Structures are given as structure tokens and as C-alpha cells.
Amino acid sequence: MTIQELEIQLLALTPAEKAELIQILSRSLNKNWRGITKTPGVCGGDACIEGTRIPVWVLVGYRRLGVSESELLYNYPTLSAADLVNAWVYAEAHSEEIDTAIRENEED
């Protein structure tokens with residue numbers, strides 16, 4: 001996708017969508033993902049839900065298998081709905097990283 005093509009799509013967004021996009025881009029530039037942490041030596045340095053050892057890629061993997069959000073919240077009682085939203089936003093912005101982690105861990 002070219003910058004010109006992207007510009008056309010961006011201009012078509014609603015004001016609320018533009019505001020959300022600005023927040024996502026800002027977090028991406030600052031590497032400040034609310035509720036998501038990467039700690040060397042913890043879960044291989046993978047992105048995890050803050051305060052847990054639950055990697056984002058694990059949640060995304062379950063989601064791809066058809067596990068619902070309510071099932072995830074039941075099976076991971078320390079998680080909140082906001083944690084899942086943060087995980088989905090992070091995963092969308094870092095899809096290659098998440099895909100790689102899922103692929104590498106499926107091989108084990």
C-alpha cells in the first residue's frame with residue numbers, strides 16, 4: 001500500500017476512528033502499549049499482559065482456534081476484558097511478531 005492510498009483511506013475515517021488511530025500510532029512510536037509488557041527473561045521476552053506471564057501470542061492463538069473472549073476470561077481469571085482489548089490491539093499492530101511466536105511455539 002502506498003502513502004497516497006493510505007491517505008485516501010485515512011481521510012474516509014470518522015473523527016472517532018481517526019482519534020483511535022492517532023492513539024495507536026502514538027503508542028507504537030513510543031513503544032508504550034498500555035497493559036502490555038516485554039521483559040527480558042520472562043516468557044522469552046514475548047509481549048505479555050502486564051503483571052502476568054500470559055503472552056499475547058497465546059491469547060491470539062486461542063482466539064484463532066475459536067475460543068471466545070468469555071472462555072478466555074473464565075480460563076484466565078486474572079485477566080479483564082480490557083486486557084483482552086489491549087492484547088488484540090497489540091496483536092493487530094504487531095501481527096508479524098505474533099505470527100512468528102505462534103509458529104515457533106507450534107513447532108515445539
Side-chain angles (χ1 to χ4, degrees):
M1 174 178 296
T2 68
I3 295 293
Q4 291 170 335
E5 292 168 331
L6 183 58
E7 181 180 9
I8 291 168
Q9 291 182 355
L10 292 173
L11 292 174
L13 296 174
T14 67
E17 290 169 330
K18 289 175 184 174
E20 184 178 350
L21 181 62
I22 289 169
Q23 290 176 351
I24 291 169
L25 291 172
S26 175
R27 285 194 305 265
S28 175
L29 289 171
N30 294 326
K31 299 198 184 317
N32 179 19
W33 291 90
R34 182 177 15 139
I36 306 295
T37 58
K38 283 181 155 183
T39 306
V42 175
C43 295
D46 289 336
C48 292
I49 303 299
E50 188 172 33
T52 75
R53 291 178 176 259
I54 304 170
V56 173
W57 68 263
V58 168
L59 298 172
V60 172
Y62 280 128
R63 188 181 200 194
R64 289 179 183 174
L65 291 172
V67 176
S68 70
E69 289 187 3
S70 60
E71 289 174 297
L72 287 172
L73 293 173
Y74 178 80
N75 290 320
Y76 292 95
T78 60
L79 293 183
S80 68
D83 291 327
L84 293 181
V85 170
N86 292 335
W88 309 150
V89 170
Y90 181 89
E92 187 174 327
H94 296 89
S95 59
E96 192 171 312
E97 170 190 332
I98 299 302
D99 290 343
T100 299
I102 290 171
R103 194 170 42 257
E104 288 175 352
N105 285 281
E106 284 177 345
E107 293 171 359
D108 290 341

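For reference, positions follow the sequence shown, starting with 1. This one's a predicted model, so the numbers in the text were calculated from it and none came from an experiment. In what follows, every heavy atom counts, from backbone to side chain, and hydrogens, waters and symmetry copies are set aside.
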Leu65, CG: over 12 other non-hydrogen atoms inside 6.0 angstrom: yes

Exceeds 12 heavy-atom contacts within 6.0 angstrom, atom CD of Glu17: yes

Measuring only between side-chain heavy atoms, which start at C-beta, is [X] closer than 4.5 Å to [Y]?
| X | Y | answer |
| --- | --- | --- |
| Arg63 | Trp88 | yes |
| Leu10 | Lys18 | no |
| Leu79 | Leu59 | yes |

Verify same cluster id: Leu13, Ile8 (apolar side-chain graph, 4.5 Å): no

ILVMFWY cluster, Val67 and Val58 together (side-chain gap under 4.5 Å): yes

Supply the atom-to-atom distance [X] [atom1] to [Y] [atom2], rounded to the nearest 0.5 angstrom.
| X | Y | atom1 | atom2 | value |
| --- | --- | --- | --- | --- |
| Glu71 | Tyr62 | CD | OH | 11.0 Å |
| Ile49 | Leu84 | CD1 | CG | 7.0 Å |
| Lys38 | Tyr90 | NZ | OH | 3.5 Å |
| Asp99 | Arg64 | CG | CZ | 4.5 Å |
| Asn105 | Arg103 | CG | CZ | 11.0 Å |
| Asp83 | Leu72 | CG | CG | 11.5 Å |

Which atom of Ala81 lies closest to which atom of Leu73, heavy atoms considered: N-CD2, 3.9 Å

Heavy-atom closest contact (Val56 atom, Ala91 atom, distance): CG1-CB, 4.1 Å

